[in-house]
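Notes follow once the structure below has been shown.
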Amino acid sequence: KAGVTQTPRYLIKTRGQQVTLSCSPISGHRSVSWYQQTPGQGLQFLFEYFSETQRNKGNFPGRFSGRQFSNSRSEMNVSTLELGDSALYLCASSLEGHRESPLHFGNGTRLTVT
Amino acid sequence: AQTVTQSQPEMSVQEAETVTLSCTYDTSESDYYLFWYKQPPSRQMILVIRQEAYKQQNATENRFSVNFQKAAKSFSLKISDSQLGDAAMYFCAYRRNNAGNMLTFGGGTRLMVKP
């Protein structure tokens with residue numbers, strides 16, 4: 001079974017631009033979560049989608065948004081990029097967000113903002 | 001808000017020996033999950049072991065085991081017979097029950113394994 005696939009693996013953008021990252025969950029998984037990883041702030045939860053609905057949201061500004069499609073694939077968008085948005089963005093999926101369903105992570109997208 | 005603290009930024013262990021990574025957390029919840037994740041240079045987070053707070057028995061997975069002290073809010077990871085492939089960043093994480101997949105992570109411990 002294919003794992004969680006994130007594209008692209010690397011991305012370089014300029015301050016002020018916007019970016020879209022993509023995540024394809026494991027087949028059959030309906031929950032998709034996004035995390036931001038930086039050296040300074042560590043791993044922080046961005047948001048979670050389940051059946052095309054945002055179920056949980058972390059403490060990030062409105063410039064960070066996401067969505068989930070009917071096939072469970074998810075995208076996250078960051079508008080008006082800032083230097084501090086440079087990070088590894090990790091996507092994770094699970095069958096559904098309940099107690100017995102482990103979280104599977106992708107390899108991440110490394111975003112660099114210049 | 002929940003917090004997770006890993007007080008050891010770096011640890012090293014000799015191959016074949018045992019090492020323990022520390023984790024403490026703060027929560028007012030009684031029903032939650034705790035996890036240890038491994039992140040090798042490939043960047044993919046891999047679940048090592050998990051513990052349900054309602055279970056008193058410590059979880060074990062082959063060479064990996066935990067010491068879960070609920071009253072002390074402590075959740076340490078013991079790696080026995082360390083192997084070179086165990087070298088990675090290790091993250092402790094907390095998830096409240098009914099919180100979907102919203103995890104709170106500790107700052108991580110870099111484990112080095114010496115041959």
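A, B, ... follow the sequence lines: proteins, then strands. Residue 1 opens every chain.
- By the 6.0 Å contact criterion, CD on A/Q41 is open, its count of non-hydrogen atoms from other residues, nucleotides or ligands being 12 or less.
- Considering only heavy atoms from C-beta on, B/F91 comes within 4.5 Å of A/Q37 through its side chain.
- By a heavy-atom distance cut of under 4.5 Å, B/L103, B/F105 are the residues of residues 103-115 of chain B near chain A, going up by number.
- Neither the backbone nor the side chain of B/F35 comes within less than 4.5 Å of any heavy atom in chain A.
- Only the side chain of A/L88 comes within less than 4.5 Å of a heavy atom in chain B; its backbone stays farther off.
- The distance from atom OH of A/Y35 to atom CE of B/M102, rounded to the nearest 0.5 Å, is 8.0 Å.
- With a 4.5 angstrom heavy-atom cutoff, A/N56 touches chain B only via side-chain atoms.
- Summarising the local packing, CZ of A/R63 is surrounded by more than 12 heavy atoms from other residues, nucleotides or ligands at distances under 6.0 Å.
- The hydrophobic clustering, which links ILVMFWY residues whose side-chain heavy atoms are closer than 4.5 Å, places A/L43 and A/L103 together.
- Tracing side-chain contacts under 4.5 Å through hydrophobic residues (I, L, V, M, F, W, Y), one reaches B/L84 starting from B/I79; they form part of the same cluster.
- Tracing side-chain contacts under 4.5 Å through hydrophobic residues (I, L, V, M, F, W, Y), one reaches A/F60 starting from A/L21; they form part of the same cluster.
- When heavy atoms are compared at a cutoff of 4.5 Å, A/F47 does not approach chain B at all.
- With hydrophobic clusters built from ILVMFWY side chains whose heavy atoms lie under 4.5 angstrom apart, B/V19 shares a cluster with B/L77.
- Within 6.0 Å of NZ in B/K78 there are 12 or fewer heavy atoms belonging to other residues, nucleotides or ligands.
- No side-chain heavy atom of A/F50 sits under 4.5 Å from any side-chain heavy atom of B/N101.
- Heavy-atom neighbours of A/N71 CG from other residues, nucleotides or ligands within 6.0 Å: above the threshold of 12.
- Hydrophobic cluster membership differs between B/M89 and B/F64, with clusters built from Ile, Leu, Val, Met, Phe, Trp and Tyr side chains linked at under 4.5 angstrom.
- For a heavy-atom cut-off of 4.5 Å, chain A lies close to B/Q39, B/S42, B/R43, B/Q44, B/M45, B/L47 in residues 38-47 of chain B.
- Using a 4.5 Å cut-off between heavy atoms, A/L90 contacts chain B through its side chain alone, with no backbone atom that close.
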